[in-house]
Every structure is written in structure tokens, then in C-alpha cells.
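Note sheet for the following structure.
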Amino acid sequence: MPSPTCYLLLNPGKPYHHQLPLLLPSPRLLPAPRRRVVHVSCDVQRRGGGGGPRRESKKQVVFFDAAPPVSQQGGGGGGGEDERKVAKKKDNASLGPLRRATKRTLSLLSNLPLAISEMFAIAALMALGTVIDQGEAPSYYFEKFPEDNPVFGFITWRWILTPGFDHMFSSPVFLGLLALLATSLMACTYTTQIPIVKVARRWSFMHSSGSIRKQEFADSLPCASILDLGVILMGSGYEVFTKGPSLYAFKGLAGRFAPIGVHLAMLFIMSGATLSATGSFKGSVDVPQGLNFVIGDVMKPKGVLSFAPDVFNTEVHVNRFYMEYYDSGEVSQFYSDLSLFDLDGNEVMRKTIKVNDPLRYGGVTIYQTDWGFSALQVKKNGEGPFNLAVAPLKLNGDKKLFGTLLPLENSGSSNVKGISMLARDLQSIVLYDQEGKFVGVRRPSSKLPIEIDGNEIVIEDAIGSTGLDLKTDPGVPIVYAGFGALMLTTCISYLSHSQIWALQDGSTVVVGGKTNRAKLEFSGEMNRLLDKVPELISTNENTVDSKQSAT
């Protein structure tokens, strides 16, 4: 039996079939096959231009006693490639159901009616969160939404406390809807917006005048050239590409990227809102003038992502609290002069805050929200001053009233009696005797004495207390950045993405185009641009004629 090499040399048109053993040693271990050199003489017909005589030539044929070793690179007969194709088909068959399920899920999530319904549901919960008082104690909701007298006939405290609507913006229902809307936006971006951008970025030439005439705008330019049209389009801000007799131009590609930017901006806003709801701290405190407090002592976490920063060790001292008044006597504004101290007792910041002008330090914001009456300094018969604690009195409505009592010695009575003092604010004190009769009014800054039941009373000072709200909100910068990006990308999305195709058909240029927005404006723009082509051709012809005349 001849060797494979010999067989192939002698029978070039027939394949050689040889069964290889199942186990082959490494090619490096195989002995080199012995070869035999045989010289074969044969007559070769050579027909030259002169038709010379026949000549003999010798051919050398090499015979091997054994087949050469099989290559380890996977090329031996194509069997390895077939196996890889079969394995790939099996992988595709196994992943087919998963891919179909993923595609179906993405199609469902990117559904526009679903996304609109999610946004309406989130808006409704936000409106409900502004109506229902947030962050109150459970007893407050028991009293305001009783089961025996439900609001609107069905709303009781169970409808509020069970789903967590007493802290709406960190409730599982609200956060779950935000997560669902974010998933819908990402699915829409992946399945719709990104493919649109990929298609818009391709240079697509049309080689048929019939296809161009089917566009939203189509026209013909006799005795024109696509090069002249390209010059006009470039002057109007189009990106122009030519290939043979075909032309393609576009502008406003940023309008195609803008919807992706809108989706990303909305994701930023929702992520910032989620971080605010789950990673912030909040607290409130009433501090009398001259006292201090530590920030961390009044702050309470609002979610699982709330981590206390080092700035919580800062101490706040109320240097002074004072108010301004209208001519009618009503309070117009109140101020708090605050100093911040670090652990070493060094003052790191000082600022006088007021309503709508807070103090910000290290991520903590301190707001001026309320005021109160802490104490009243009084002298009696030249003795003192005595600090009398002032308590708020409950009135109907939003009016404030504070009161205190200066006890007087009266051994004949089992009940403690004294001089009553009432105040609506820090600028005037109303005094009553032991019988409850009105005696007079004194301003703390006047230092004028008043005689009551044989006692000389002087109002030295009225000490107020400031109501402060403290908050840390790491999501605010993200929300602001998201809203800024949303406004920018929304404006960019109104830019029209316009495309123009042209084909040189003899001496005529067939032009067609379309746009995704402002279709009437695009039609008018195209008419103006095409009117410029004959003017450009005429200008070029006059230039050539003038040059020839000069020559």
C-alpha cells in the first residue's frame, strides 16, 4: 500500500482516506519517518513558438514509509471545527429560553404606558405625602385618623401606618415604585434609544432615485452637480459625505443622544431622592440663649444607609437670640447668633442665621425655624435678679402666649399666690397682682419699676430660646445635578435630526430628505438651500468665463 504522500502525488484528484488510531503519541515523541527518493523519467511535451523537438526531464518523487504526524493545531481534516460548531449550537439551544425570557422582560419593562403609569403612581404618592403629616408619633395618627370615624369614610390610621405612609418617601411602596421606574428607563434606553443612535450614526447612501423620491421631502435639480449641493449643505452646518454619484448629509445628531441623557438625568434624580430618604439624618432642638448642644445628640437616622460623620462631634453655642417686629407689634424676623466648636474647644465657624438663611458646615445644615420664651429675669425689692422659668400656654389657633409666676410669702394661705406675668413675645410683659387683676405693662429694656401688692418689681431681661432644625442630606447634590442635566438634555432633545440624500442622475441631481422634528421648518429650509444651487452654478460659470477672457 503506498504512503499518503505518494498516493496524493499519483492521484491528485482523489481524496485519501486513512483511519487514525484513537490514541496518538505526542508529535515530539514520534520517530521521524524514513523517506525514499525515486527518480522517475517521463516524456514531457513542450510546444514552444518554434515547435522544437521533444525533450526528456526527470522528476523527483519522495515516498514516506509512514504517515506524517497529525498537527495539534486543530486543522486535521476539519473535524475539530465541526465539533466546535456542534458545541456552539448546543450552547445556543441551552441559552435560548433564557434569552427569550430576557427579551420578553425587557420588552415589557420598556412599554411606554407602563412607564407613564409608574410616574403617575409616584406623583400620587408624593401628593399624598404632602397631605399626611410625616414623621409624627403613632398616637398622633390614632387620634387624627380613628377607626370609629374614618376620613372620607375609609381612611384610618391602619391605612397610614401599615404601608409606612407616615414616612412616605422612605416607605417600601414608594422606593419600590422608584426602582421599577428606574428599571423601565434603563430597559427603554437599552432596547430603543441606543439602537436609534447606532442607526443614526451610520452613513447610508442611496443608489436609487426611486428610493430618494420616497422621502418626506424630494426634489430634482436639473443641470446641477452633487458637489455644488454638498458645498451649500456644508455652509448650512450639515456633515456631508459623498461616494461616487451618491451624497449623504446630516445634522442635529445631538438630538438623538438627548433622550438617553434625559433618562440618565431622571435616574440621577431618583437615586439622589432614594439616598436622601435612606441615608440622611434629621433633628430639632430648642436652645435658650447662652446654652449649647452637641450636634450628634439631637440627630436621628432616617434609613439603613445613614452613617454618622465626624462633624457630629461639633458643639453649637447660642451666643444670642433676638427678634425684629413690625410697627403693629407682630414678629417679622428672628435671629440666632451661633458659634461652632470642635473637640479641642476651638471656634471653627460663627454665623447669625435667620429664616431662609441657614448655617452649613461639614454637610450639616442648621435652619432657624421657631422661637420660644425661656426665662424672665426679675428683681423684687432690689433683690435679684431671679430667673423665672416661662412656660408656653395653650391657645386656640397659632398665637403664642407664655406665662410665669413670682411667688410671694403668705403664711395665712395654704395656696401659693404671687404675681402673674404673661407675654406674647420678648418686647412687653403684662403683670397681674395676686387677685388676678391687671396692674400694668413693662418692657424688659425699660428698667422701670412697678408697685404690686407692696412689692417693687423690675423686669431686667427676657431670655428667648431658638428653635433649630438640623439636617444632613447627601442626596441633595445628586438631585440638583440630575435636575440640571434634565433641563439641558430636554432642551437638546428638541433639536431636529435631519438627513439628506442625493444622487447624480446624468445632469440632474435627485434630492430627498427627512427629519424627526420641525417638519415644516425642514421643508422651508430645503427649499431655500436648493434655490442657492443654481446661484452657485451661475457664479462658478461667471468666474470661469472671466478667467478665460483674462487669458
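- Just one residue in the list Lys144, Glu143, Glu136 forms a side-chain hydrogen bond (donor to acceptor under 3.5 Å, both in side chains) with Tyr140, and that residue is Lys144.
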Criterion salt bridge (charged side-chain N to carboxylate O under 4.0 Å, His left out) on Lys251 and Glu239, from CA distance to verdict
CA-CA 6 Å; Lys251 74 173 181 179; Glu239 297 285 341; over 6 Å; no
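- Ring-plane geometry between Tyr322 and Tyr335 is classed as parallel, the angle between the planes falling under 30 degrees on a 0 to 90 degree scale with a further cut at 60.
- Residues Thr130 and Met126 have side chains not in contact (no heavy-atom distance under 4.5 Å, counting atoms from C-beta outward).
- Thr466 and Gln368 share a side-chain donor-acceptor pair at under 3.5 Å.
- A 4.5 Å side-chain heavy-atom check between Gln333 and Tyr325 finds every atom pair outside the cut-off.
- Remark: Glu324 does not engage Lys354 in a salt bridge, criterion side-chain N to carboxylate O under 4.0 Å.
- A donor-acceptor pair under 3.5 Å links the side-chain atoms of Asn527 to the main chain of Ser523, judged by distance alone.
- For the pair Arg517 and Tyr494, the cation-pi criterion (under 6.0 Å, within 45° of the ring axis) is fulfilled.
- With respect to Asp453 and Lys437, no salt bridge is recorded, no charged nitrogen being found less than 4.0 Å from a carboxylate O.
- Side-chain atoms of Arg320 never come within 3.5 Å of backbone atoms of Gln289 as a donor-acceptor pair (strictly under, hydrogens ignored).
- If you check the side chains of Ser184 and Glu118, you find a donor sitting under 3.5 Å from an acceptor.
- For the atom pair OG1 (Thr472) and CE (Met299), the distance works out to 4.5 Å, reported to the nearest 0.5 Å.
- Two residues are said to be in side-chain contact when any heavy atoms from C-beta on lie closer than 4.5 Å; Arg442 and Leu448 meet this criterion.
- A donor-acceptor pair is defined here as one N or O able to donate and one able to accept, closer than 3.5 Å; no such pair exists between the side chain of Thr314 and the backbone of Phe341.
- Between Lys400 and Asp425 there is no salt bridge, since no side-chain nitrogen of the basic residue lies less than 4.0 Å from a carboxylate oxygen of the acidic one.
- Aromatic ring centroids of Trp159 and Phe154 lie under 6.0 Å apart.
- Side chains of Ser280 and Asp473: a donor-acceptor N/O pair is absent below 3.5 angstrom, by distance only.
- Leu233 places a side-chain heavy atom less than 4.5 Å from the side chain of Leu529.
- Counting heavy atoms from C-beta outward, Leu470 and Ile295 have side chains that approach closer than 4.5 Å.
- Within a 6.0 Å radius of NZ in Lys519, other residues, nucleotides and ligands contribute more than 12 heavy atoms.
- At distances below 3.5 Å, at least one donor-acceptor pair connects side-chain atoms of Thr489 with backbone N or O atoms of Leu486.
- Side chains of Ser339 and His317: a donor-acceptor N/O pair is absent below 3.5 angstrom, by distance only.
- Here CD1 of Ile194 is found 14.5 Å from CZ of Arg256. Values are rounded to the nearest 0.5 Å.
- Residues Lys380 and Glu456 have side chains not in contact (no heavy-atom distance under 4.5 Å, counting atoms from C-beta outward).
- The aromatic rings of Tyr248 and Phe241 lie parallel to each other, their planes meeting at an angle below 30°, with 60° marking the opposite boundary.
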Could you check Leu359 against Thr365 for side chain to side chain contact (heavy atoms under 4.5 Å, CB included), going step by step and ending with a plain yes or no?
CA-CA 6 Å; Leu359 180 149; Thr365 306; over 6 Å; no
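- Salt bridge annotation for Glu460-Lys447: present, with a cationic side-chain nitrogen under 4.0 angstrom from a carboxylate oxygen.
- Counting only distance, with no hydrogens or angles, the side chain of Asp469 and the backbone of Thr369 share no donor-acceptor pair below 3.5 Å.
- Between Phe334 and Phe321, the ring planes lie tilted relative to each other; the angle falls in the 30° to 60° range.
- Here the OG-CZ distance, from Ser171 to Phe165, works out to 5.5 Å after rounding to the nearest 0.5 Å.
- Figure legend: cation-pi geometry between Lys514 and Trp501 absent, as NZ or CZ is not positioned both under 6.0 Å from the six-membered ring centre and within 45° of its axis.
- Within a 6.0 Å radius of CD in Glu435, no more than 12 heavy atoms belonging to other residues, nucleotides or ligands are found.
- Atom OG of Ser117 and atom CD1 of Ile122 lie 11.0 Å apart (nearest 0.5 Å).
- For the pair Asp342 (side chain) and Asp344 (backbone), a donor-acceptor distance under 3.5 Å is present.
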Could you walk me through whether Leu468 and Ile353 pass side chain to side chain contact (heavy atoms under 4.5 Å, CB included), step by step?
CA-CA 10 Å; Leu468 304 175; Ile353 66 172; 3.8 Å; yes
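- Residues Val173 and Met168 have side chains not in contact (no heavy-atom distance under 4.5 Å, counting atoms from C-beta outward).
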Step by step, work out the side chain to side chain contact (heavy atoms under 4.5 Å, CB included) result for Ile450 and Leu431.
CA-CA 9 Å; Ile450 185 171; Leu431 295 97; 4.2 Å; yes
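- From Leu114, atom CG reaches atom SG of Cys188 across 11.0 Å, with rounding to the nearest 0.5 Å.
- Proximity of a side-chain donor or acceptor of Asn516 to a complementary backbone N or O of His497 within less than 3.5 Å is detected.
- Interatomic distance, OG of Ser284 versus NZ of Lys471, reported as 13.0 Å (0.5 Å rounding).
- With hydrogens and angles ignored, the 3.5 Å screen pairs no side-chain donor or acceptor of Lys532 with any backbone N or O of Arg528.
- Remark: side-chain polar atoms of Arg443 are paired, donor with acceptor, to backbone N or O of Gln427 under 3.5 angstrom.
- Here the side chains of Val318 and Asn292 are not in contact, with every heavy-atom distance at 4.5 Å or above.
- Under the 3.5 Å distance criterion, the side-chain polar atoms of Glu315 are left unmatched by any main-chain donor or acceptor of Asn313.
- The side chain to side chain contact (heavy atoms under 4.5 Å, CB included) search around Ser107 returns none, not counting sequence neighbours.
- Taking the six-membered ring for Trp and the full ring otherwise, the centers of Phe268 and Phe483 sit at least 6.0 Å from each other.
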